[in-house]
Amino acid sequence: RLLIVDFGSQVTQLIARRLRELDTYCEIHPFQHVTETFLRDFAPKAVILSGGPASVPDAGSPRPPQAVFELGVPVLGICYGQQVMMQMLGGRVERGAGTAEFGRASVTPAGRGLDLLEGWFAEGPEQVWMSHGDHVAALAPGFEVFGTSPGAPFAITADPERHFYAVQFHPEVHHTPNGRQLYANFLKIAGFTGDWTMGAYRAEAIAKIRAQVGDAKVICGLSGGVDSSVAAVLLHEAIGDQLTCVFVDHGLLREGEAAEVTGMFRDHYNIPLVHAEEQDRFLDALEGVSDPEEKRKTIGRLFIDVFQEHAGRIEGAEFLAQGTLYPDVIESVSFAGGPSVTIKSHHNVGGLPEKMGLALVEPLRELFKDEVRALGRELGLPDWFIGRHPFPGPGLAIRCPGEITRDKLEILRRADAVYIDQIRRHGLYDEIWQAFAALLPVRTVGVMGDGRTYDYACALRAVTSVDGMTADVYPFSHDFLTETATRIINEVRGINRVTYDITSKPPGTIEWE
Ligand code: XMP
């Protein structure tokens, strides 16, 4: 296995992701834990020293133990990792002074060929992503230069004899398009064969959960979404009935959703499940509320109370499990105070662990969405479930602009079900990031049979997206849209007009509120 020593870079997890994509197992450990004894016990086949915010010339800046360089295994230093490596092996690092580089840079080859760079520079200079203030001023003995950029004469350096490699840029980020090749080369040099699988990840994750939790009881909030579901099934496999799930039914779910969730978890997986049927409390609290933010806040507040109440009845619980993913971790760090905070605080039941005196278990914290789906498949969750479109925490409340009533929710549920059924029948579900109906707060005049109607209008929404941050409208055919409109008007009482929302994001958001 491979050891990543983390010096606190924002993108350390991306290194792990790149290695997993190359079917290689690695572990990230913070530099404080990596002592000489730790190293000998871990016995890594290769070591990567990550980037980080510290400055090597500063007294007390973090260092790995010198033993890293005495293991006889390949070592790759990235950014801060490069600098720390140079300094410890006898080179010199200097502070900024006009050579800082942030963002894209172009690296050109220098010197002779290097095994780490196989497949690089085939079409000229390589684009890379830099983020450094300090720079290497003198190479350590044994090192040579293999690539340079305008601000980093030592962009790529190596001691090929000892298989020590040190680069100033970040090969793990998207903006270094050929970075993956560099990691593949490094793994090959270290003798990895790429035989690690999601099955192995599952076994390791289970061992970690057992080690963290011991005999204690764990509560897991289940939303019906993919993340919390995968977390719950994984936890159940690890600790069995020490786990209890709490599923808060706020009355704002889609048609059949509550039955699907309880059926799958309680009946199929035999996971102890509290189905908190609190529809009335939520709908009563929402009576007369039409401002979108007010709605969200009302639901968020009540959700925390209700969850706490039900979870509080589970005796002896010491842990709260959350399906937090790595992007949630980065977002809450880098966008703190930004517009995504409200979304996240609801989504992650933020603040609850402290309020309830519970410790956190977050078994998906290192994973990205597509990896969670792969893990879910590995755990045997059905494909139709894993491929589900995202559904927002406040549920149908934000798809029903204006005041919410039980009648309106019922009409919306029916329309949404017909729309989704149409999409599935036409085989389009997996091409779309998210599709749903919104019930508009206006009634319009229509004619059906020989009579006049005066009913609600609904808007259909369907978008493609990679991460929900931006989105394009899905280009349905005209036939599909007219067929769907006809079905909704025929099958749903209370709707006599259907529109298709053709706004991308930005300027629109995906949800209507
Ligand atoms: P917007 O509407 O902001 O939505 O373009 C982007 C993505 O986030 C989802 N969303 C939420 N998810 N709690 C959630 O868990 C929320 O409060 C929330 N609001 C929006 C939305 O469905 C879309 O996928």
Side-chain angles (χ1 to χ4, degrees), residues 220-232 247-254 257 261 282 285-286 289 291-304 306-307 322-332 335 338-352 362 364 368-370 372-373 386-401 404 412 416 419-420 423 429-440 459-474 501-513:
C220 179
L222 207 56
S223 70
V226 178
D227 305 344
S228 63
S229 302
V230 171
F247 170 49
V248 175
D249 189 339
H250 49 24
L252 301 162
L253 298 169
R254 288 166 292 189
E257 199 162 12
V261 173
F282 279 89
L286 286 166
V289 180
D291 176 73
E293 271 315 290
E294 188 63 31
K295 276 187 194 171
R296 281 177 171 274
K297 285 185 186 142
T298 305
I299 296 166
R301 254 192 320 263
L302 200 51
F303 192 93
I304 301 254
V306 166
F307 187 86
Q322 283 182 185
T324 322
L325 307 192
Y326 184 57
D328 301 332
V329 179
I330 316 182
E331 263 188 40
S332 56
F335 299 134
S340 58
V341 166
T342 345
I343 293 172
K344 295 299 163 191
S345 60
H346 179 79
H347 187 66
N348 293 333
V349 225
L352 254 184
E362 296 182 304
L364 311 180
F368 289 76
K369 191 86 183 177
D370 55 327
V372 171
R373 292 201 164 117
I386 287 169
R388 278 177 139 199
H389 294 170
F391 186 64
L396 298 182
I398 58 173
R399 295 179 177 176
C400 196
I404 299 162
L412 175 56
D416 188 72
Y419 179 40
I420 298 299
I423 289 175
Y429 192 84
D430 293 338
E431 284 180 31
I432 295 169
W433 161 268
Q434 212 168 359
F436 57 86
L439 189 76
L440 306 187
L460 306 181
R461 184 107 171 104
V463 295
T464 56
S465 176
V466 189
D467 49 15
M469 306 293 276
T470 58
D472 286 315
V473 175
Y474 185 78
D501 177 357
I502 51 167
T503 322
S504 61
K505 172 182 180 176
T509 55
I510 296 175
E511 303 291 347
W512 272 52
E513 288 190 336

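Because only heavy atoms are used, hydrogens play no part in the values below, and waters and symmetry mates are left out as well, while side chains stay in. Being a predicted model, the structure only gives us computed values, none of them experimental. Every number for a ligand or one of its atoms is a count from 1 in the order of the listing.
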What pair of heavy atoms forms the shortest contact from L286 to I404, and how long is it?
CD1-CD1, 4.0 Å
Purely on distance, is any nitrogen or oxygen of I398 under 3.5 Å from one on ligand 1?
no
Which of parallel (below 30°), tilted (30 to 60°) and perpendicular (above 60°) describes H250 and F282?
perpendicular
Smallest separation among heavy atoms of L302 and A285, with atom names:
CD2-CB, 3.9 Å
Enumerate the atoms of ligand 1 whose separation from the nearest heavy atom of T509 is less than 4.0 angstrom.
1 (P), 2 (O), 5 (O)
Answer yes or no: does an N/O atom from G468 fall short of 3.5 Å to an N/O atom of ligand 1?
no
Can you list the ligand 1 atoms lying under 4.0 Å from a non-hydrogen atom of P394?
13 (N), 16 (C), 17 (O)
When every non-hydrogen atom of A437 is compared with those of L460, the smallest separation belongs to CB-CD2, 4.0 Å
Are any of the N/O atoms in R399 less than 3.5 Å from those in ligand 1?
no
Among S223, S465, P392, which one has a heavy atom closest to atom 18 (C) of ligand 1?
P392
If hydrogens are left out, which of E513, K505, E511 has an atom nearest to atom 3 (O) of ligand 1, that is, the closest non-hydrogen atom?
K505
Compare every heavy atom of F307 with every heavy atom of V248, then report the nearest pair and how far apart it is.
CG2-CD1, 4.1 Å
Logged contact type for M469 with ligand 1, heavy-atom cut-off 4.0 Å, is neither
Return the minimal non-hydrogen interatomic distance between V473 and S504, and the atom names on each side.
CG2-N, 3.9 Å
